[in-house]
*Asks:* 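Questions regarding the structure given below will be posed in turn.
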Amino acid sequence: MRIATWNVNSVTARLPRLLAWLEKSGTDVLCLQELKCSAESFPAEPLRELGYEAAVNADGRWNGVAVVSRVGLDEVVTGLPGQPGYLGEAPEPRAVAATCGPVRLWSVYVPNGREVGHDHYAYKLEWLEALRAAAADDTAAARPFAVLGDYNIAPTDEDVFDPAAFAGLTHVTAPEREALAGLRALGLSDVVPRPLKYDRPYTYWDYRELRFPHNKGMRIDLVYGNEPFATAVEDAYVDREERKGKGASDHAPVVVDLEV
DNA sequence: ATGCCTCTTAGGAAGAGA
């Protein structure tokens with residue numbers, strides 16, 4: 001069984017690539033983030049023609065997440081139980097869960113944080129705590145379970161191209177990394193993919209400054225799986241080929257093959 | 001070639017992303 005997670009930076013703008021990649025890669029379940037579409041404008045029909053059904057959480061602005069599956073889609077939960085809103089506003093569409101055949105998956109888009117000390121940074125940490133609390137039961141269950149998505153955190157200094165360039169910035173701070181440690185303490189482990197080229201499995205490269213050709217990237221799209229999930233992993237890799245060319249997202253898909 | 005940012009809303013310019 002092949003599953004994947006991909007921040008597509010607009011599912012509408014990425015639709016031709018998305019459909020082609022699903023067919024080419026043979027992915028059974030894909031977790032999507034940053035849809036940037038409304039629930040009504042999500043491209044459910046072209047996906048259905050390829051044999052996929054979708055659980056979508058979107059509001060027509062930024063954010064938006066989905067689980068797209070051709071192996072079943074049950075027990076859908078839209079939104080993160082107990083998730084905070086930003087500055088007291090309504091919760092944003094940053095989480096959706098579904099059971100797809102033998103595995104249970106969450107697709108999450110963790111808030112960016114913007115700057116250390118910003119209200120959005122506090123929101124990011126609150127959001128991660130809500131995620132930790134909400135993931136406990138599925139993590140402890142016997143069924144393979146994983147939280148996949150754009151965490152907007154590089155777990156270690158090895159996961160950014162130049163730690164010095166990120167000093168004092170979000171994505172690498174101790175509180176953010178401690179939030180990841182909190183998830184691991186539940187019983188989730190970081191399923192680290194292999195890179196298809198070079199030595200580090202970056203998943204994101206800024207559009208600017210030739211970051212991709214120079215391989216100045218970050219690993220911020222993560223797969224955190226419980227023990228039954230981690231044991232079932234046969235292979236995991238970053239499909240950096242999908243970052244190439246015109247009309248690419250700034251993130252590449254992370255692919256995980258499971259023996260289930 | 002992997003190539004100098006892209007997407008959205010809105011109706012021109014600006015915010016968000018990380």
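The basis for the numbers below is simple: all heavy atoms, side chains too, and nothing from hydrogens, waters or symmetry mates.
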*Asks:* Using the P atoms only, state how far B/dC7 lies from B/dG3, rounded to an integer number of Å.
*Replies:*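 Each nucleotide's P atom is 13 Å from the other's.
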*Asks:* Looking for any heavy atom pair under 4.0 Å, which part of the strands does A/Y151 touch: base, sugar-phosphate only, or nothing?
*Replies:*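 No contact at all - A/Y151 keeps every heavy atom at 4.0 Å or more from the nucleic acid.
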*Asks:* On DNA chain B, check which nucleotide each of A/M218 and A/K197 is closest to and give me the residue with the more 5' one.
*Replies:*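 Counting from the 5' end, the first nearest nucleotide belongs to A/K197.
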*Asks:* Below 4.0 angstrom from OP1 or OP2 of B/dT6, is there any side-chain N or O of A/R14?
*Replies:*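 Answer no for this pair, as no side-chain N or O of A/R14 is under 4.0 Å from OP1 or OP2.
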*Asks:* If only side-chain N and O atoms of A/N7 are considered, is one of them under 4.0 Å from the OP1 or OP2 phosphate oxygen of B/dG17?
*Replies:*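 No, A/N7 has no side-chain N/O under 4.0 Å of OP1/OP2 on B/dG17.
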*Asks:* Can you find a side chain N or O atom of A/R114 that sits less than 4.0 Å from OP1 or OP2 on B/dG17?
*Replies:*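 Answer is yes, contact under 4.0 Å.
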*Asks:* Quick one: label A/D221 by what it contacts on the DNA or RNA (base, sugar-phosphate, nothing), any heavy atom closer than 4.0 Å.
*Replies:*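 Nothing: the residue A/D221, judged by heavy atoms under 4.0 Å, touches no strand.
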*Asks:* Hey, which of A/H171, A/Q33, A/K124 is the one that makes side chain to side chain donor-acceptor pair (under 3.5 Å) with A/N152?
*Replies:*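 It is A/H171; the other options fail the test.
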*Asks:* Across the strands shown, which category fits A/E34 at heavy-atom distances under 4.0 angstrom: base, sugar-phosphate, nothing?
*Replies:*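 Touches sugar-phosphate only.
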*Asks:* Do A/N9 and A/K36 have side-chain atoms, one donor and one acceptor, less than 3.5 Å apart?
*Replies:*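 Result is yes, a qualifying pair exists.
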*Asks:* Using a cut-off of strictly less than 4.0 Å, decide whether A/N152 has a side-chain nitrogen or oxygen near OP1 or OP2 of B/dA18.
*Replies:*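 The answer is yes; a side-chain N or O of A/N152 sits under 4.0 Å from OP1 or OP2.
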*Asks:* Within the structure shown, what part of the strands sits under 4.0 Å from A/F166 by heavy-atom distance: base, sugar-phosphate, or nothing?
*Replies:*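 The residue A/F166 makes no contact with any strand.
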*Asks:* Is it the case that B/dA18 (base atoms only) and A/N112 (side chain only) share a donor and an acceptor within less than 3.5 Å, ignoring hydrogens and angles?
*Replies:*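 Such a pair is found, so the answer is yes.
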*Asks:* For B/dA18, does either OP1 or OP2 sit under 4.0 Å from a side-chain N or O belonging to A/H120?
*Replies:*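 For B/dA18, neither OP1 nor OP2 has a side-chain N or O of A/H120 closer than 4.0 Å.
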*Asks:* Does the separation of the ring centres of A/F161 and A/F166 fall below 6.0 angstrom?
*Replies:*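 Ring centres of A/F166 and A/F161 closer than 6.0 Å.
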*Asks:* Please figure out whether A/G245 or A/V110 has its closest DNA chain B nucleotide nearer the 5' end.
*Replies:*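 In this pair, the answer is A/G245.
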*Asks:* Is it true that A/D206 and A/Y204 share a donor-acceptor pair across their side chains at a distance under 3.5 Å?
*Replies:*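 Per modelled atom types, A/Y204 and A/D206 side chains form a pair under 3.5 Å.
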*Asks:* Within the structure shown, what part of the strands sits under 4.0 Å from A/G217 by heavy-atom distance: base, sugar-phosphate, or nothing?
*Replies:*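 Nothing, no nucleic acid heavy atom in range.
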*Asks:* Can you check the A/Y204 OH to B/dC5 P distance for me, whole Å?
*Replies:*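 Taking atom P of B/dC5 as the reference, OH of A/Y204 is at 12 Å.
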*Asks:* Just N and O in the side chain of A/Y86: are any of them under 4.0 Å from OP1 or OP2 of B/dA16?
*Replies:*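 For B/dA16, neither OP1 nor OP2 has a side-chain N or O of A/Y86 closer than 4.0 Å.
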*Asks:* Which part of the nucleic acid, if any, lies within reach of A/G113 when heavy atoms closer than 4.0 Å are counted: base, sugar-phosphate only, or nothing?
*Replies:*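 Contact class for A/G113: none.
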*Asks:* NA contact type, A/N63, heavy-atom cut-off 4.0 Å: base, sugar-phosphate, or nothing?
*Replies:*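 Nothing, no heavy atom under 4.0 Å.
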*Asks:* So what does A/S10 hit on the nucleic acid, given a heavy-atom distance under 4.0 Å: a base, only sugar-phosphate, or nothing?
*Replies:*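 The answer is sugar-phosphate, as A/S10 gets under 4.0 Å only of primed atoms, P, OP1 or OP2.
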